[in-house]
Amino acid sequence: MVNKCETAIVEWIRSAFSTAFGVEYDWEWLQVVPATDRKFGDFQCNDAMQAARTLRMAPRAIAERVTDALPRPEMLESVEVAGAGFINMTVNKEWLTEQLQEIAATDNFGIPNAGQGRTVIIDYSSPNVAKPMHIGHIRSTVIGCAVDRIYRALGYNVIADNHLGDWGTQFGILIMGYRHCLSEDERGNLSVELLERAYVESYNKTKDDESWLDACRAELVKLQRGDPENQAVWKRFIDISINEFDRIYRRLDVHFDLYRGESYYHEMLEETVRLLQEKSLAEVSEGALVVKLEDEALPLCIVRKSDGGFNYTTTDIATVRSRVEEFNPEKIIYVTDERQQLHFKQFFAVCRKLGYETCLEHLWFGLMRLPEGTFSTRQGNVIKLEALLDEAVSRALAIIENGERDIPVEERRALAEAIGIGAIKYADLSHDPQTMIVFTWEKALALEGNSGPYLQYAYARICSLLDKHAEQFGALDPLSGSVLLDSAVERELALKLMQFPGTVLRAAESYKPSVLAEYLFTLAQLYSRFYQSSPVLRSDEGLRKSRVKLCAMVATVLRDGLHLLGIRTPSRI
RNA sequence: GCUCCUGUAGCUCAGUUGGAUAGAGCAUCGGAUUUCUAAUCCGGCGGUCGCAGGUUCGAGCCCUGCCAGGAGCGCCA
């Protein structure tokens, strides 16, 4: 538990239980949670009901004995037993103010340093070389980026690795397409789009031209044997692809520490398989080398095809070996879609059999689909990622230009980028990763209600307020004076702010950035309510200073929180 | 056939791991701007939490069985 208030209160509750019923019981399991309804107070403990069985007493009697066992601590304004045996607590206002002040004085608003000295590798995005990124890549990229940032904020040593699809049978076809389906001019000005076209044309020829197919195979073999010419064009495909991916990653504020594609590991495959054989984990079946996983209640998996070639399972195992040897990570997180669940279960099981103790996590997410069905290249309804971003930005730009706000022309483009892309990211991140997303332009680019721009707007309004305050009253010393929490909204805001560190931790542990998104939305909602009802600059000095401080804290949490989601926070909208 | 996921308001989704009268956004209807940004706020309407049992003081959440949808299940990744 990271919420300072909860931590302090649960300590008191534990000592109250052990005073009332004796230290011979273990009271560590007792919990304090935020009250389910404001009318019950600020926090509640529901565990008198749980304890009823072991203590063989009525829950209400237990709760009463507990609350009478110790004098009420100063931090609590009131402690009451209610209903079936709930212990409801209201915290003392001054104490709450102090707690808030302490957290606000830290440089990261109390986010715990839970990952100190711990390394975690996050494997996400992973597009295929020579194919444009499309809408199917957005979830891995955006969710992976958010998890990456959240883990870094918690102090983990994060290695973000983009495991590109840069190796495989498609390169024979592609090399033929490149040499024979493109003009000299096109080869000179190569782009991912041209590569895609070359691939498609070449692939179509393989279907009705046997000799073409043979030629493709021959080029692939040459490439795999290290033929200098083929190696050179292949490397060029990769360079051009990464260059274009980076253009998108820059717009999305995504950064990788490593770009190690499948090819990086292909020299290690032979040895990986030998290791499996040495440990008697693999056996031949129908000409292929397989690992049986019956003891894990999983189907067997193939680590070498009957033609002698290796497949993705082999590459993935070799990747773990390489990563463990080089970085010795405590954990590796893979961010891919749900269809690969079985594959990951299998290859995780093989890694365990090989003795790797690294925690392997598969963060899977639901597929994105259209209302009428899945995206498919064949139906030609695939939306390219860049087109999606452009559309979002142009919609945001239209709103800026029709608005009454006087935004300088030179700022508009950058603002539209921040808002449009923020909208797309938030639309994704605000959902539990494991739910399937039905894509509609309307939802992906929502600018009102529970949306990215709603949060950005709340933040920009605070910035504007703080600017005006500085103009009229001079700079604010964030550490001087206390925050008065006299109104219900302000008190709720304070309690909500206290939840930030714990929420970040919970988002990390559950691999759900949506936990953080949800929190930020309710915080912004509370703030908007506060803003509507509570004058700041027009209040008397004491109240004004207090409210400005509270606003500044909300701004800090909104800004930090949105940055953890990879969403920009313009100070003016 | 087997495995995994999902089913909550007209639509899209939350529900802090079993707590008190199930919450938001969108849509719809009605209100708020001489006031710090109306991309906002306030209010109304809207529910047999897929169905049926079970566990317990207490179930949207846990167990069993059905129903419906999605995904996967030996040489693609």
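First the proteins, then the strands, lettered A, B, ... as listed; each starts at 1.
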Return the set of residues passing side-chain hydrogen bond (donor to acceptor under 3.5 Å, both in side chains) with A:Lys512 (not counting sequence neighbours), or none when no residue passes.
A:Asp432
Residues two or more places apart in sequence or in another chain: which of them pass side-chain hydrogen bond (donor to acceptor under 3.5 Å, both in side chains) with A:His134?
none
Output a table of donor-acceptor pairs, distance under 3.5 Å, between side-chain atoms of residues 500-509 of chain A and any protein atom two or more places apart or on a different chain; print 'none' if there are none.
residue	atom	partner	partner atom	Å
A:Thr503	OG1	A:Gln499	O	2.7

Please list all pairs passing the salt bridge (Lys or Arg N to Asp or Glu O under 4.0 Å) test where one or both residues lie in residues 531-543 of chain A, with sequence neighbours left out.
A:Glu541-A:Lys545
Per-nt protein contacts along nucleotides 20-29 of chain B (heavy atom under 4.0 Å; B base, S backbone sugar-phosphate only, - none) come out as BB--SSS---
Partner residues of A:Phe347 under the ring-ring contact (aromatic ring centres under 6.0 Å, His included) criterion, sequence neighbours left out
A:Tyr334, A:His343, A:Phe344
Does a side-chain N or O of A:Arg53 approach OP1 or OP2 of B:rC57 to a distance below 4.0 Å, or not?
yes
Listed partners of A:Ser263 passing side-chain hydrogen bond (donor to acceptor under 3.5 Å, both in side chains), at least two apart:
A:Asp166
Dot-bracket for RNA chain B, 5' to 3', counting Watson-Crick or G-U wobble pairs under 3.5 Å, with [ ] for crossing pairs and | for inter-strand pairs?
(((((((..((((.....[...)))).(((((.......))))).....(((((..]....))))))))))))....
For the side chain of A:Tyr312 and the base of B:rA77, is some donor closer than 3.5 Å to an acceptor across the two?
yes
Enumerate the residue pairs fulfilling salt bridge (Lys or Arg N to Asp or Glu O under 4.0 Å) with a member in residues 300-313 of chain A, sequence neighbours excluded, ordered by first and then second residue.
none
Could I get a table of every N or O pair under 3.5 Å where one atom is in the protein and the other is in nucleotides 2-11 of chain B?
residue	atom	partner	partner atom	Å
B:rC4	O2'	A:Gln341	OE1	2.9

What's the gap between B:rG10 and B:rC66 when it is taken at their P atoms, as a whole Å value?
29 Å
Could I get the full list of side chain to side chain contact (heavy atoms under 4.5 Å, CB included) partners for A:Leu363, not counting sequence neighbours?
A:Ile143, A:Val147, A:Ile333, A:Val335, A:Pro433, A:Tyr511
Taking only residues two or more places apart in sequence or in another chain, which ones pass side-chain hydrogen bond (donor to acceptor under 3.5 Å, both in side chains) with A:Glu518?
none
